[in-house]
Amino acid sequence: MRKLFAALTCIALVLVMAVPAAFAGKPADTTPPVTTASPLGGTYSGSVAVTLTRNEAGTTYYTTNGTTPTTASPIYSAPLNFTATTTLKYFSKDTAGNTETVKTQVYTITVATTTHATLTWSGYSMCSSCHSSQAQAMYQSVHYQWKGSAAEMTTGPATQGKMDAVDGSSALNAYCINIQGNWGPCGACHAGTGAKPVATSNPTTAQLASIDCLMCHADATNAPYSRVRNATTGLFEPAAGLDMNLVVQKAGKPTRKNCLGCHAKAGGGDAVKRGDIALASGTTSDVLYDTHMAMGNGGNIQCQGCHTYTSHRVAGRGTDLRPEDSTVEMSCATSLCHSTKTSLTTSHTTYDTSHHVGRVACQACHLPKYAKNANDTANTEATETNRNWQVAEWNATLSRYEPMPTKANDLLPKYAFWNGTSWGNNAFNAAVLDTATSAYKISRPNGAINDPVGTKLFPFKYKTANQALANGKIVPISTATFFATGNYDQAVKDGLVYIGLPSTTPYTTVTTDELQLLNHQIPPATGNVLACADCHGTTTRVNLPALGYALKAAETTVCVQCHALRSNKGWSSIHSGHVGSRMIDCSMCHNFSRATERNLKIGVM
Amino acid sequence: MHHFVTRLLSYLLLASLCIAVSGPARAAGPDGYSVEIADVGKSADFAATLKGKGYTAVVPTKNMWVTDPQNNCAVWIGKNVPLEMLRAVLPEAMRFNPYLKFFYIVGDRGEKPPQAVDSTIHVGGSIEAALVKKLNIIDQQEMLSALGKATTLEDLHRYLHEKNKPKPEEKPAS
């Protein structure tokens with residue numbers, strides 16, 4: 001006991017001596033943080049977006065009503081948008097507890113004295129001179145940066161996108177593969193005046209003026225806007241002969257034509273990439289093509305009718321897209337549309353149909369096929385299903401070679417569970433073979449039958465490409481080399497160098513594939529929605545057993561849990577009796593459960 | 001006998017006419033040269049004009065890069081297209097599209113196009129491609145003057161090669 005006491009005393013002494021020594025190396029933090037407002041107070045026309053930046057970790061508190069902020073005041077988390085004169089007071093507190101002196105900025109907002117009706121075009125900077133906060137917001141958006149939060153990606157860094165980068169953030173796809181070395185033609189669809197976007201939280205006036213607001217906001221019907229590159233600078237300018245005064249006077253909210261000007265032509269041509277949108281989506285009156293967007297008897301719904309937006313951040317992300325512009329989730333059932341279609345028991349005409357809404361996305365049943373042709377357009381709206389880089393075709397307009405595409409119409413979707421997150425292979429990533437498709441994965445929706453509520457079965461476009469693989473990585477081939485020469489081998493070799501491998505590295509050509517979410521081209525439900533037998537009792541359209549709906553064991557094992565083996569009267573009768581009438585949970589027969597979400601019973605009945 | 005002689009003379013006359021046709025008409029043959037015209041502006045009228053002069057002219061189906069005369073302002077010239085054909089076609093092309101400002105011999109940057117491209121004039125190439133190739137603007141009057149001055153096809157190729165030499169990079173403001 002005495003020895004134990006002596007030992008404890010020694011330890012205590014060592015600790016007493018050691019602690020001050022340990023702290024002596026790192027003096028206590030007594031410096032308060034410094035918070036900077038950008039822009040500083042001043043006079044602004046229309047509105048201003050203010051960013052508060054702290055020089056160290058901590059929390060920033062603020063008020064906008066002239067009162068002195070305290071730690072009970074709102075915590076700063078995102079740029080503040082002032083549309084009226086505002087006194088902003090703020091301070092920060094660091095993690096050591098040091099508190100900054102309260103700072104004050106006064107933002108005087110003047111009401112714009114000019115209305116659009118009397119505007120005179122003076123160049124791209126005129127938009128942001130009045131709509132400064134909108135320009136600030138747009139500048140940070142995915143539409144402008146082509147990069148953004150990858151919070152819904154389970155692979156890659158926190159920020160990902162289309163822009164070329166060597167940090168694993170640059171997306172690959174099965175179309176042009178990667179943007180590297182090809183900014184020019186790709187940039188023709190960028191909502192800027194031609195220069196690559198610069199990532200900065202505090203863009204200059206000149207940088208804001210490099211946003212081309214008219215790409216989205218010009219009145220595509222009454223005052224169409226088109227632009228052409230300045231042959232010397234490479235930057236865009238309004239096409240000659242346009243009445244640009246009229247164009248800016250008529251500018252307003254985007255219409256489908258504005259959005260489709262780029263989105264329909266993704267991948268290198270009309271309908272090429274998405275499969276469910278085409279230029280026809282902006283002009284057609286064919287409700288069978290798309291009842292939501294069709295004019296005439298259709299809904300004539302503009303894109304933002306579903307893709308809601310806040311501060312130039314637009315809701316909705318294709319499963320193959322890496323960044324998300326908005327965290328707002330899209331839904332067919334809103335207060336304005338299909339509001340009754342969420343009930344698991346009464347949303348549809350029968351219980352058997354209604355309960356599907358819990359785990360089957362609306363479009364899975366309401367989109368029987370995609371890449372349809374609209375009946376009032378001359379062109380085909382076929383979509384690309386494969387791109388073969390080993391075969392070069394000459395594009396006379398661009399005086400270059402392009403890979404050979406395969407296109408098709410009226411395709412059956414592929415079906416997969418999607419929980420809202422995605423898997424993606426980016427440039428410099430290790431390639432992953434999907435044994436189910438025997439192809440290397442470019443992108444996939446994440447999800448499985450046992451994933452939490454919210455995970456549903458969705459329809460997808462399936463797209464393949466022939467791409468090079470070396471050292472376990474998909475090679476982002478040099479499109480510049482390929483376009484100029486049509487020489488696939490040389491293009492691969494240049495791509496190898498880009499990813500840091502010797503050009504002599506052996507490579508093979510493999511099939512890559514990706515799934516892309518389908519949401520558009522929904523026809524009227526009557527006469528077009530899938531019937532039960534389209535999916536059940538057949539694997540032609542969708543292989544439900546492969547998706548996890550198979551019995552968990554042979555009937556001789558499963559059925560006899562509750563009763564003697566009886567003749568199988570088919571899935572419809574069995575489900576009607578077991579689930580519809582007796583409310584028996586799926587897990588009694590399958591490897592998944594819906595007990596909680598559908599109030600089903602587990603156990604031998 | 002009289003009929004036979006008449007017929008024979010007719011055939012001979014027809015044959016001699018076929019042999020004596022001008023260069024352009026020969027160029028219009030199945031193995032000859034052709035003009036592709038981007039479907040912008042008055043492309044159909046331009047094609048008709050060229051056909052009237054005996055050339056093969058086609059207006060291919062539009063693609064996403066065929067938009068308007070201002071964006072489709074390049075002329076891609078096949079390396080084997082004869083000087084006389086260029087002298088006939090390019091002035092007409094400029095008349096139908098006053099925005100034409102890039103004139104380029106396909107292959108001058110090391111491209112290896114399909115053989116048919118070497119015998120084709122493509123009017124209405126995309127400005128996007130011209131910028132990617134870093135071509136330089138050639139004033140239409142200057143181009144017409146060069147066409148007139150060139151004594152051989154090689155002269156004209158040399159002129160276009162010099163005119164299209166890339167200028168030092170000008171970095172656009174970002």
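Values in this document were obtained by computation on a predicted structure and should not be read as measured data. Numbered from 1 within each chain, the chains take letters A, B, ... in sequence-line order.
- Of the atoms belonging to B:Asn63, it is side-chain heavy atoms, and not backbone ones, that fall under 4.5 Å from chain A.
- B:Asn136 does not touch chain A: none of its heavy atoms, backbone or side chain, sits under 4.5 Å away.
- Looking at every heavy atom in both residues, B:Gly110 comes nearest to A:Thr485 through O-CG2, 4.4 Å.
- If you tally non-hydrogen atom pairs under 4.5 Å between each of A:Ser399, A:Ala239, A:Ala480, A:Ala484 and chain B, the highest count goes to A:Ser399.
- Looking at B:Glu36, the atoms closer than 4.5 Å to chain A (heavy atoms on both sides) all sit in the side chain, from C-beta outward.
- Chosen from A:Ala240, A:Ala392, A:Gly269, the residue pairing most often with chain B at heavy-atom distances under 4.5 Å is A:Ala240.
- Across A:Ala231 and B:Ile137, no two heavy atoms sit closer than the pair CB-CD1, 3.3 Å.
- Put simply, of A:Gly486, A:Pro203, A:Gly268, the one with the most heavy-atom pairs under 4.5 Å next to chain B is A:Gly268.
- Residue B:Glu162 places its CD atom among more than 12 non-hydrogen atoms of other residues, nucleotides or ligands, all under 6.0 Å distant.
- Between chain A and the residues B:Ala130, B:Gly124, B:Ser126, B:Ala116, the most heavy-atom pairs under 4.5 angstrom are made by B:Ser126.
- Considering every non-hydrogen atom in both B:Glu128 and A:Ala188, the closest pair reads OE2-CB, 3.6 Å.
- Residues A:Asn395 and B:Trp65 have side chains in contact (heavy-atom distance under 4.5 Å, counting atoms from C-beta outward).
- Heavy atoms of B:Lys133 lying under 4.5 Å from chain A belong exclusively to its side chain.
- Nearest heavy-atom pair across B:Val117 and A:Trp394 is CG2-NE1, 3.4 Å.
- Using a 4.0 Å cut-off between charged side-chain N and carboxylate O, A:Arg400 and B:Glu111 make no salt bridge.
- Taken from CG in A:Asn487 to NZ in B:Lys112, the straight-line distance is 7.0 Å, to the nearest 0.5 Å.
- Here the CE atom belonging to B:Met64 is positioned 9.0 Å from the CG atom belonging to A:Leu279, to the nearest 0.5 angstrom.
- The two residues A:Arg229 and B:Ile127 have their closest heavy-atom pair at O-CD1, 3.2 Å.
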